[in-house]
Amino acid sequence: MTSTDLPTRRNASATLAMLLADSRLPAGAHVSSNGLEAGLRHGLAAHEVADYMQTRMTTVVRVEAGAAVIARHLAGVRPSADGAAGPEQGSGDPDRDSFRPERSGIAPERDTVVPDRLGVLEAEWAARTPSAALREIAVALGAGLARIGQRIWPQTAAVLRPTPLPRPIVLGTIAACAGIGAADLVRLVAYDDAQTVAAAVLKLEPTDPIRVTGWVLDACAAMEDSVSELSRLTRPEALPASGAPLIEDWAEVQSVLPRRLFRA
């Protein structure tokens, strides 16, 4: 099958972001509490969960969103005739320029340049994610998302099939092929992170769900100041290094909790 044989879906960027952020998407995201379960067992009070969400926005979410945006860019840079990576001609607007297999004329199954570039990005992401438990769950969640990506956007199969990739890189690859704008992608990562914590707290420390919904909105609003900066990232080495040692520690604790409700 060549690139011209593959189905092309032309949904709006915002529609696609809503689809990928939907907790009903069969990608396995329900197995994660984003470390909340361990946090609650180690001193985090239920009323502090809103602060926990916002702290994640300024630390680990910046890394995840940055990795997704850079992956989107790398998957949308087409190889030149000599095999080197060259920028695709576009508008210069990161929200408009995205990968179009039918425009590039390159059969995705023959493109080995993109996987190599994403491998460099994965190494940079791993260096900024010191917790082995966080890296492991990111790859597991990436596998679930990759299965969906390959079915809905077959153009992604050449990149997503050969080797497991962490979720933010899978998400960025799908965004490049599906046409999700960079700013929408940053907001998607932020919303997904906050909503994961929100869903977990309602199971672990039942509280008013409307109040928790407000926490999600506040956390996403706290991310807005970073959207412009993160949506313009293009180079793996520019990935933010803004980890949080306590969040990393809770991830490690979560991985060995007895009688745990969540995997992560």
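Small disclaimer: the values here were computed from a predicted structure and weren't measured.
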Straight-line distance of Leu246 CG to Thr55 OG1, nearest 0.5 Å: 9.5 Å
Closest contact, heavy atoms only, Ala219 versus Ala194: CB-CB, 4.1 Å
Charged N-O contact under 4.0 Å between Arg187 and Asp192: no
Distance-only polar pair, side chains of Thr173 and Arg72, donor-acceptor under 3.5 Å: no
Minimal non-hydrogen separation, Met223 against Ala190, with atom names: CG-CB, 3.7 Å
Distance, nearest 0.5 Å, that separates CD1 of Ile174 from CZ of Arg167: 8.5 Å
Partners passing ring pair (Phe, Tyr, Trp, His ring centres under 6.0 Å) against Trp125 (at least two apart in sequence or in another chain): none
Cluster check Val120, Val159: I/L/V/M/F/W/Y, side chain < 4.5 angstrom: no
Side-chain donor or acceptor of Thr156 paired with backbone N/O of Gly149 under 3.5 Å: yes
CD on Glu37 to CG on Leu204, rounded to 0.5 Å: 5.0 Å
Side-chain donor/acceptor of Asn34 to backbone N/O of Asp193, under 3.5 Å: yes
Ring pair (Phe, Tyr, Trp, His ring centres under 6.0 Å) partners of residues 206-250, not counting sequence neighbours, each pair once: Tyr52-Trp250
Nearest-0.5 Å distance, OG1 of residue Thr59 to CD of residue Gln54: 11.5 Å
Partners passing side chain to side chain donor-acceptor pair (under 3.5 Å) against Glu124 (at least two apart in sequence or in another chain): Arg128
4.5 Å side-chain heavy-atom contact, Leu165 and Val139: no
Least distance between heavy atoms, Leu233 atom then Pro240 atom: CD1-CD, 3.8 Å
Euclidean distance, Arg147 CZ relative to Arg161 CZ, rounded to 0.5 Å: 13.5 Å
Heavy-atom check, side chain of Val197 versus side chain of Val49, under 4.5 Å: yes
N/O donor to acceptor pairs below 3.5 angstrom from side-chain atoms of residues 205-212, sequence neighbours left out:
residue : atom : partner : partner atom : Å
Asp208  : OD1  : Ile210  : N            : 3.0

Main-chain N/O of Ala38 paired with Gln254 side-chain donor or acceptor, under 3.5 Å: yes
Within one Ile-Leu-Val-Met-Phe-Trp-Tyr cluster: Tyr191 and Leu217, side-chain cutoff 4.5 Å: no
Close side-chain approach of Leu145 to Leu141, heavy-atom, < 4.5 Å: no
Main-chain N/O of Leu74 paired with Arg117 side-chain donor or acceptor, under 3.5 Å: yes
Glu252: side chain to side chain donor-acceptor pair (under 3.5 Å) partners, not counting sequence neighbours: Ser131
Nearest heavy atoms of Leu230 and Ala65, plus distance in Å: CD1-CB, 4.1 Å
Rounded distance (nearest 0.5 Å) linking atom CE of Met57 with atom CD of Glu224: 11.0 Å
Audit row: Ile247, Arg56, side-chain contact (heavy atoms from CB on, under 4.5 Å) steps and yes/no: CA-CA 8 Å; Ile247 291 176; Arg56 291 183 63 88; 3.6 Å; yes
Contacts of type side chain to side chain donor-acceptor pair (under 3.5 Å), residue Arg135, not counting sequence neighbours: none
Shortest non-hydrogen contact from Gly172 toward Leu185: CA-CD2, 4.2 Å
Non-hydrogen atoms of Ala183 and Ser231 that approach each other most closely: N-CB, 3.9 Å
